[in-house]
Amino acid sequence: FALAIAITICVYHAWRYAMARDIRLHKYWSMRLVGYMQTIALQRFYMILLLFSHQCGFYFLYPSLDGASEDEVNVVMMHLFDDSFVSALLTGFLVTEWYLSAEQGMMNDPVPVVKAKKMM
């Protein structure tokens, strides 16, 4: 539900700022929405990565399915689906926030604060 809630919030704010004709904030929320929607594509990437690693013999996350019953295979596939979604969700959220902070100038070098000399 986290993705659905985040998307709903982004759509609401993007629509609200578009109606108010505040293009800068509308763009900000629209870009956040697009970034969060990348979770869907990233899930396919992580699903392929996890399946490939399992097929190559890396059984560090899931047991071997040799001789497994259909129910055991279904349980492993459900875990694989859940793990790929969580990985995609975290990646989508973190990369989007990182990108937006860089675009807003929050990743720039800090400007040193010059203290004024006291006049006596």
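What you see below is based on every heavy atom in this structure, not just the backbone, and it leaves out hydrogens, waters and symmetry mates.
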Heavy-atom closest pair, residues [X] and [Y]:
X    : Y   : answer
L100 : M31 : CD2-CE, 3.8 Å
C10  : L33 : CB-CB, 3.8 Å
Y36  : L3  : O-CD1, 3.6 Å
G92  : T39 : CA-OG1, 4.1 Å

Using a 4.5 Å cut-off on heavy atoms from C-beta on, say whether the side chain of [Y] contacts that of [X].
X   : Y    : answer
I40 : M37  : yes
I23 : Y17  : no
Y28 : Q104 : yes
L80 : M47  : yes
I9  : W29  : yes
D83 : Y62  : yes

OH of Y99 to CD of Q38: how many Å apart, nearest 0.5 Å?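 Answer for the OH-CD pair, Y99 versus Q38, is 12.0 Å.
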Does anything in residues 17-43 pair up under salt bridge (charged side-chain N to carboxylate O under 4.0 Å, His left out), and if so which pairs, sequence neighbours excluded?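 Salt bridge (charged side-chain N to carboxylate O under 4.0 Å, His left out) check on residues 17-43 returns K27-E103, R32-E97.
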Can you tell me if H26 uses its side chain to pair, donor with acceptor, with the backbone of A14 under 3.5 Å?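 Yes.
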Test your reading of the model: is there a side-chain donor-acceptor pair from S87 to the backbone of S84, 3.5 Å cut-off?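 Absent.
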Pair listing, side chain to side chain donor-acceptor pair (under 3.5 Å) test, anchored in residues 63-77, at least two apart: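 For residues 63-77, and leaving out neighbouring residues, the side chain to side chain donor-acceptor pair (under 3.5 Å) pairs sorted by first residue read S64-D66.
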Would you kindly confirm whether F81 and L51 end up in one hydrophobic cluster when ILVMFWY residues are joined by side chain heavy atoms under 4.5 Å apart?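 Yes, same cluster.
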